[in-house]
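Working notes for the structure below.
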Amino acid sequence: KKIGNTIFWALVISMILSYLNGNNMWTLAVEGGFSDYGFNGGLAHKNYFSISLFTSFTLLTISYLFYKKTASSLILILLEFILIILSNSRTVWLLTILFLGIISLYIIKNIKKNQRIVLITTIVIVSIVFINLFYRMYILTSGSYMIRIKGLINYLNKFS
């Protein structure tokens with residue numbers, strides 16, 4: 001929890017200093033989710049901000065679920081989730097969804113067995129729909145996705 005709080009407050013200090021210095025708080029987002037810009041929190045790029053925020057988000061969420069539950073921790077987690085959305089970083093969005101999916105396994109384990117089947121079925125259906133939409137909306141229409149895949153393949157071929 002201390003590390004998560006430290007990362008969050010370091011980002012807040014960065015935001016304040018960047019704002020006071022007149023730096024732009026938004027970065028151009030190529031093929032962003034809902035906007036052409038992503039909130040960068042005063043850092044050089046939205047991805048730097050969002051991955052740092054994601055790290056804090058995961059640490060604080062784990063602390064909240066497994067240790068001490070406080071209202072201030074929950075508010076901070078929700079604020080970080082909103083900032084992750086505003087960052088418009090698709091990679092961190094996917095990591096957040098994956099993390100929440102893994103955390104939901106903990107929650108499912110604590111539900112009665114007969115309710116668990118309904119919940120798991122619903123999660124599987126929603127996941128299939130989401131993956132299908134993501135594939136159609138981003139992967140098939142992305143101008144940069146296949147370039148990244150080709151770069152990865154070239155890297156693996158060169159250093160394999």
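Throughout, numbering of the chain's residues begins at 1 and tracks the sequence.
Listed for the Trp93 side chain is no donor-acceptor partner under 3.5 Å among the backbone atoms of Ser87. With hydrogens and angles disregarded, a donor-acceptor distance shorter than 3.5 Å links the side chain of Lys69 to the backbone of Leu65.
Counting only N and O atoms by type, the side chains of Ser73 and Lys1 include a donor and acceptor under 3.5 Å apart.
Note on residues 49-58: pairs passing side chain to side chain donor-acceptor pair (under 3.5 Å), not counting sequence neighbours, are Ser50-Ser89, Ser56-Glu80. Residues in residues 120-131 take part in no side chain to side chain donor-acceptor pair (under 3.5 Å) pair, two or more places apart or across chains.
The hydrophobic cluster containing Ile102 also includes Leu98, under a criterion of side-chain heavy atoms closer than 4.5 Å among ILVMFWY residues, counted directly or through chains of members. As a member of the Ile/Leu/Val/Met/Phe/Trp/Tyr network built from side-chain separations under 4.5 Å, Leu17 groups with Ile13.
Taking CZ of Phe8 as the reference point, atom CG of Leu59 lies at 13.5 Å (rounded to 0.5 Å). The distance from the CG atom of Leu53 to the CD1 atom of Ile7 is 9.5 Å, given to the nearest 0.5 Å.
Within 6.0 Å of atom CZ in Phe66, more than 12 heavy atoms from other residues, nucleotides or ligands are found, so the atom counts as buried in its surroundings.
The side chain to side chain contact (heavy atoms under 4.5 Å, CB included) search around Lys112 returns Asn114, Gln115, not counting sequence neighbours. Residues satisfying the ring pair (Phe, Tyr, Trp, His ring centres under 6.0 Å) test with Phe49, not counting sequence neighbours, are Phe39.
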